[in-house]
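Working notes, structure below.
What you see below is based on every heavy atom in this structure, not just the backbone, and it leaves out hydrogens, waters and symmetry mates. In what follows, every chain begins at residue 1, and chains take the letters A, B, ... in the order their sequences are listed.
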Amino acid sequence: MLKVYNTATRAKETFTPIESDHVKMYVCGPTVYNYVHIGNARPVVVFDTLFRVLNCLFKQVTYARNITDIDDKIMKAAKEQGISIAALTAHYADEYVKDMAQLNALSPTISPKATDHVGDMIAMVEALIANGHAYEADKHVLFDVKSMDDYGKLSNRSLEDMLEGARVEVASYKKYAGDFVLWKPSSEDEPGWDSPWGRGRPGWHLECSAMIENHLGDTIDIHGGGRDLIFPHHENELAQSQCAHNGKQYVKYWMHNGFINVDGEKMSKSLGNFKTVRDLLGKFHGEAIRFALLSGQYRSELDFSAELLNQAKASLDALYGALLNSPAPVQALSDEQRNQSAVFAALLDDLNTPLAISELHKLSKELNKFPENADLKSELVGMAELMGLLQQEPDTWFQGEESDTSWIEDLIAQRNQAKLDKNYARADEIREELKAKGIILLDSKEGTSWRKE
RNA sequence: GGCGCGAUAGCAAAGCGGUUAUGCUCUGGAUUGCAAAUCCAGCUAGGCCGGUUCGACUCCGGCUCGCGCCUCCA
């Protein structure tokens, strides 16, 4: 039985999908105008893990992760670079997909783009105007938050409280300071779409509502994203969708991941202290980055550092080491084996990945003691797969994918001869020579193998 | 000002009212021509002050410190 923490109720709940054999999940993806940072990667890895677990439990899972390809930051970046927003976003959306694949994230079932759904958005705005939840003012269309009783419930705040802390000037055309933009006008040189309110573009929150309605329906099971999206993004999405659908429930379980911090502070594009996934991939295995992201429970903050990544790498070395030393075959796990695994139990408890990883370590220790045990090895590999870990060949993990390793083999052969000749000085010399090039030699009864540092 | 989160050993990070979390690091031992890997043993915990309890890291209250949202943000 899967339990998830629901932001809406502020409690851990048993997960029961609306349709018993079809789960619908939507996760907010990135705005593509640059390489994504590691903070963008956390929800991807977290909800990818949830996607894998859900696939074990339910017959069908539809997982949508959007690409935001229209937005003022995109417009600014495109203008600066003198290219179209379509060219800019197509490029960075591709790079995003590449980066996420390096983190072993499976492809979502669908990856809808905002610009493909402008018609849906316009239709939703029309519906909101028609039923009295939105109004047109000065070429804008605004959502009337006072027309909704429960506005603020998701983020647990009252309208008065919110406005008290507001640090932004209120636009004069708003009936009420808390009203938010559904549609805004575009100038001649800005991207825009024709609409009943003139040429313009959608407000930020609208795309998710429209894409969910189009692809998944009025009500979905899980909506995920970073904590910072709770307000205003998800609160406003909820308001729009619910009001456009006569009060019908929008989302059953809201799930939000905590932040990635750097030196104890939130990492963000606006603070400029962010690290791109691309840069990190130049220094660390994608799998080590993924491991680091899963080393903390998803709702907690996670301080991202080289130390964390080094520890992740060392831990993976230990796990892959156990696989390398085991000659046993890996078999597919039965449902029963999976259900009995402590790793699975940890994941079912609101994705307790740190606990799940500790269980992986326990399995690897046992496997080191009993390398022939195929059940142990199969459980280790099969359960790690649910977290997107330990899926490459141990040799590949330790040696990389270098094409020509014959020079290493040559030196090992030379050293073996030196050892036979009892010329240990020469043998040690070769060891040092390889170590200087980042190659570690491991002698065993079966012979000498090597790995990268 | 409103709302919320956190504080666990050198680092990272969980569960749990009483029984070894776990990993990395470090120390000692086994093993090894050397080294690594592995195994065994060990070392550092629960911000502070009270309360409840036979017993609290775990429950309750207060305090201190740190962080987040209220503005584009994963």
Side-chain angles (χ1 to χ4, degrees), chain A residues 7 10 27-31 36-47 68 71-73 76 152 155-169 178 204 224-233 235 256-261 264-271 274 291-292 294-303 305 307-319 321-322 324-325 346 349 352-362 364-365 367-369 371 398 418-419 422-425 427-428 431-432 435 440-445 448-451 453:
Chain A
T7 305
R10 281 161 274 277
V27 174
C28 287
T31 302
V36 296
H37 61 67
I38 188 68
N40 293 289
R42 168 119 99 152
V44 173
V45 167
V46 165
F47 291 103
T68 296
D71 156 282
D72 286 4
K73 292 187 293 294
K76 191 170 167 242
S155 53
N156 189 33
R157 56 191 78 200
S158 70
L159 278 174
E160 295 73 42
D161 292 344
M162 276 186 273
L163 296 174
E164 213 169 301
R167 280 165 274 170
V168 159
E169 222 174 295
W204 172 40
R227 283 199 81 78
D228 52 344
L229 295 181
I230 297 172
F231 189 90
H233 186 52
E235 188 74 56
H256 294 98
N257 62 271
F259 289 119
I260 298 286
N261 293 156
E265 262 204 317
K266 175 188 168 181
M267 180 182 69
S268 73
K269 287 178 185 170
S270 49
L271 288 176
F274 66 96
F291 189 99
L294 293 175
S295 68
Q297 210 272 347
Y298 76 91
R299 284 187 281 123
S300 309
E301 292 176 1
L302 184 67
D303 212 88
S305 62
E307 171 70 8
L308 182 72
L309 287 162
N310 287 331
Q311 288 190 7
K313 198 234 170 226
S315 293
L316 281 167
D317 279 344
L319 295 171
L324 187 69
N325 291 331
D349 186 13
N352 192 338
T353 52
L355 185 60
I357 286 170
S358 82
E359 296 295 342
L360 250 31
H361 281 293
K362 286 180 188 169
S364 81
K365 276 214 144 178
L367 185 60
N368 278 329
K369 283 186 233 176
F398 286 116
K419 280 167 71 178
K422 305 271 181 200
N423 184 355
Y424 292 121
D428 290 348
R431 177 186 288 291
E432 286 307 312
K435 187 166 193 311
I440 309 280
L441 295 182
L442 296 85
D443 291 335
S444 74
K445 291 189 193 84
T448 300
S449 60
W450 61 274
R451 62 174 58 171
E453 233 170 340

Using a distance-only criterion (donor-acceptor N/O pair, under 3.5 Å, no hydrogens), is the base of [N] paired with the side chain of [X]?
| X | N | result |
| --- | --- | --- |
| A:D428 | B:G33 | yes |
| A:R431 | B:A35 | yes |
| A:Q311 | B:C11 | yes |

Does OP1 or OP2 of [N] have a side-chain N or O of [X] closer than 4.0 Å?
| X | N | result |
| --- | --- | --- |
| A:N325 | B:U38 | no |
| A:K76 | B:C72 | no |
| A:K369 | B:C40 | yes |
| A:N156 | B:G4 | yes |

Exercise for review: Write down the atom of A:G321, the atom of A:F398, and the distance for their closest heavy-atom approach.
Suggested key: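 Heavy atoms of A:G321 and A:F398 come nearest at N-CZ, 3.6 Å.
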
Exercise for review: Give none if B:C11 has no partner; otherwise give the nucleotide forming a Watson-Crick or G-U wobble pair with it, both distances under 3.5 Å.
Suggested key: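 Checking every strand shown, B:C11 finds its partner in B:G23, with both distances under 3.5 Å.
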
**Study point:** Strand partner of B:A45, provided both Watson-Crick or wobble distances fall under 3.5 Å
**Key:**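 When the pairing criteria are applied, nothing turns out to pair with B:A45, so the answer is none.
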
Students often get this wrong, so: under 4.0 angstrom with heavy atoms, is [X] touching a base, only sugar-phosphate, or nothing?
| X | answer |
| --- | --- |
| A:E359 | nothing |
| A:A318 | sugar-phosphate |
| A:H256 | nothing |

Practice item. Carefully, step by step, assess A:K313 and A:D317 under the rule salt bridge (charged side-chain N to carboxylate O under 4.0 Å, His left out). Key: CA-CA 6 Å; A:K313 198 234 170 226; A:D317 279 344; 2.9 Å; yes

Exercise for review: Nearest-nucleotide wise, let me know which of A:S155 and A:S444 is further upstream toward the 5' end of RNA chain B.
Suggested key: A:S155

